[in-house]
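Right, one structure below, let's go through it.
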Amino acid sequence: MANVIVIGAQWGDEGKGKITDLLSRSADVVVRYQGGVNAGHTVVVRDRTFKLHLIPSGILYPNTECIIGSGTVIDPQVLIEEIDRIEALGISSENLYISQTAHVTMPYHRLIDQASEEKRGKHKIGTTKRGIGPTYADKSERAGIRVIDLLDKEGLPDLMTRSVKAKNEVLEKLYGLEPLKAEDVIEQYFQYADRLRSHIVDSSLKIDDAVRSRKNILFEGAQGTLLDLDHGTYPYVTSSNPISGGACVGAGVGPTIIDRVIGVAKAYTTRVGEGPFPTELHDEIGTLLGDRGAEFGTTTGRRRRCGWFDAVIGRYAVRINGLDCLAITKLDVLDSLEEIKVCVAYDADGEKCNHLPNSTAQFAKCRPIYETLPGWKQSTEECRALEDLPKEALDYLKFLAELMEVPIAIVSLGASRDQTIIVEDPIHGPKRALLQPIANNS
Ligand code: IMP
């Protein structure tokens with residue numbers, strides 16, 4: 001048995017969907033532990049593309065149980081649409097479970113997210129406008145509505161009437177928007193509850209059953225380390241904890257059951273939304289990375305900002321998440337480049353800085369210090385083993401592993417399942433010492 005956490009080691013969109021899909025093959029249970037429909041993952045199976053927001057990618061395996069955990073926030077309308085979509089493709093949702101204690105995104109959350117972003121003007125965060133921040137804010141405020149409340153036929157009308165009344169004041173007085181009608185919202189959410197009822201469970205008990213039965217559990221993080229509310233590039237972050245520590249809180253398990261933590265990072269860097277991004281490229285290479293990498297948000301369709309790999313961020317992700325190993329994705333996107341740069345440290349006002357600064361203002365001043373490596377200028381898409389890679393591509397991977405001081409267990413060279421090099425089985429292979437880079441093993 002192995003219980004594994006998979007997290008994003010950058011600003012999200014690292015290709016976790018493909019990696020969790022691959023690892024789900026060895027998992028009996030997949031648990032999504034935070035975030036909501038702000039996340040989006042794309043999984044390509046043969047010629048079919050699956051775009052999922054809330055449902056873990058493990059759903060594509062008929063015997064894998066998928067749990068949307070307590071630390072997530074659930075927009076029932078989007079979740080129902082997603083269930084309908086996968087069922088239309090012939091995939092059963094029978095093994096999908098939703099935590100009773102997850103919080104529910106309401107129509108006023110979406111409206112407030114959109115209106116508050118507009119009000120922030122040039123100080124906007126660049127949210128996905130899916131109501132995620134306001135849903136988590138209500139949770140902290142102890143004013144949220146939980147999935148279990150949707151099943152309470154007697155209590156729900158009063159709870160929702162009070163919530164809608166309170167939020168109508170915000171909508172009308174603060175943002176000049178139309179108020180919502182409580183009866184309409186109640187009616188709509190009762191319908192959602194009827195549709196989702198058979199999936200709703202005590203997720204902590206369900207996960208505990210799996211632990212006791214010594215099943216393999218995969219904890220799937222959404223977004224990425226630098227979007228973490230506590231440890232990301234605040235305030236340009238999401239409102240949950242995508243880091244590995246968030247898995248215990250969001251799933252309701254103790255840290256002693258976790259065996260491994262796998263980080264997923266792109267071979268370059270992307271970011272959506274606002275905030276400093278030291279290695280961002282505004283030139284034709286940035287455009288090339290965006291075009292070749294199809295860097296458009298799964299949820300919002302926004303073009304992602306692109307730049308070189310940032311090892312300062314990589315080392316930070318290793319530290320904050322306690323990474324055992326890395327999966328490097330989209331190496332093939334770099335195939336045509338003459339040379340490739342990697343940020344090894346920052347220059348902050350003339351001082352060399354090896355660590356991510358906590359101050360947003362200081363981070364904004366950081367300029368990347370690059371090392372330049374030769375490109376390989378040939379396709380890697382058909383490579384299926386490290387030995388198939390051009391020497392320069394292998395050297396690039398070794399360089400990243402050395403900089404981050406963790407082994408690389410998986411290399412991804414395209415969207416489909418087979419475009420992958422498994423350097424070492426990250427779940428069942430021997431657990432290696434943290435400081436052993438791939439260079440010592442190849
Ligand atoms: P929110 O999560 O919608 O509140 O957005 C907060 C920040 O997180 C914004 O910069 C978003 O672009 C970013 N964000 C949220 N979800 C994702 C994701 O799945 N991938 C990348 N960025 C995301």
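Side chains included, hydrogens not; waters and symmetry mates left out as well; all remaining heavy atoms used. First listed ligand is number 1; within each ligand, the first listed atom is number 1.
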- [ ] Of the side chain and backbone of Val237, name the one, both, or neither that has a heavy atom under 4.0 Å from an atom of ligand 1.
- [x] backbone
Task: Lys266/Glu14 salt bridge by N-O under 4.0 Å criterion - done: no
Open item on the list: Any nitrogen or oxygen of Asp113, side chain or backbone, less than 3.5 Å from one on ligand 1?
Closed with: no
Task: For ligand 1, the portion of Arg130 having any non-hydrogen atom under 4.0 Å away - done: neither
Open item on the list: Between Tyr97 and Glu65, is there a side-chain heavy-atom distance shorter than 4.5 Å?
Closed with: yes
Open item on the list: If I apply the N/O under 3.5 Å rule, does Ser239 come out as touching ligand 1?
Closed with: no
Task: N or O pair under 3.5 Å between Asn38 and ligand 1 - done: yes
Task: Test: Asp13 and Arg271 ion pair at under 4.0 Å - done: no
Open item on the list: In this structure, does ligand 1 have an atom that sits under 4.0 Å from one of the heavy atoms of Ala222?
Closed with: no
TODO: Could you tell me whether Arg130 and Asp113 have a side-chain N and a carboxylate O separated by less than 4.0 Å?
DONE: no
- [ ] Pull out every atom of ligand 1 sitting under 4.0 Å from any heavy atom of Val272, numbered as shown with elements.
- [x] 10 (O), 12 (O), 21 (C), 22 (N)
TODO: Considering only NZ, NE, NH1 and NH2 on the basic side and carboxylate oxygens on the acidic side, decide whether Arg302 and Glu274 come within less than 4.0 Å.
DONE: no
TODO: Return the residue, atom name and 0.1 Å-rounded distance of the protein heavy atom closest to atom 12 (O) of ligand 1.
DONE: Arg302 NH2, 3.0 Å
Task: Option set Gly131, Ala39, Pro134, criterion heavy-atom distance to atom 19 (O) of ligand 1, minimum - done: Ala39
TODO: Under 4.0 Å, heavy atoms only, figure out whether ligand 1 is touched by the backbone of Tyr236, its side chain, both or neither.
DONE: neither
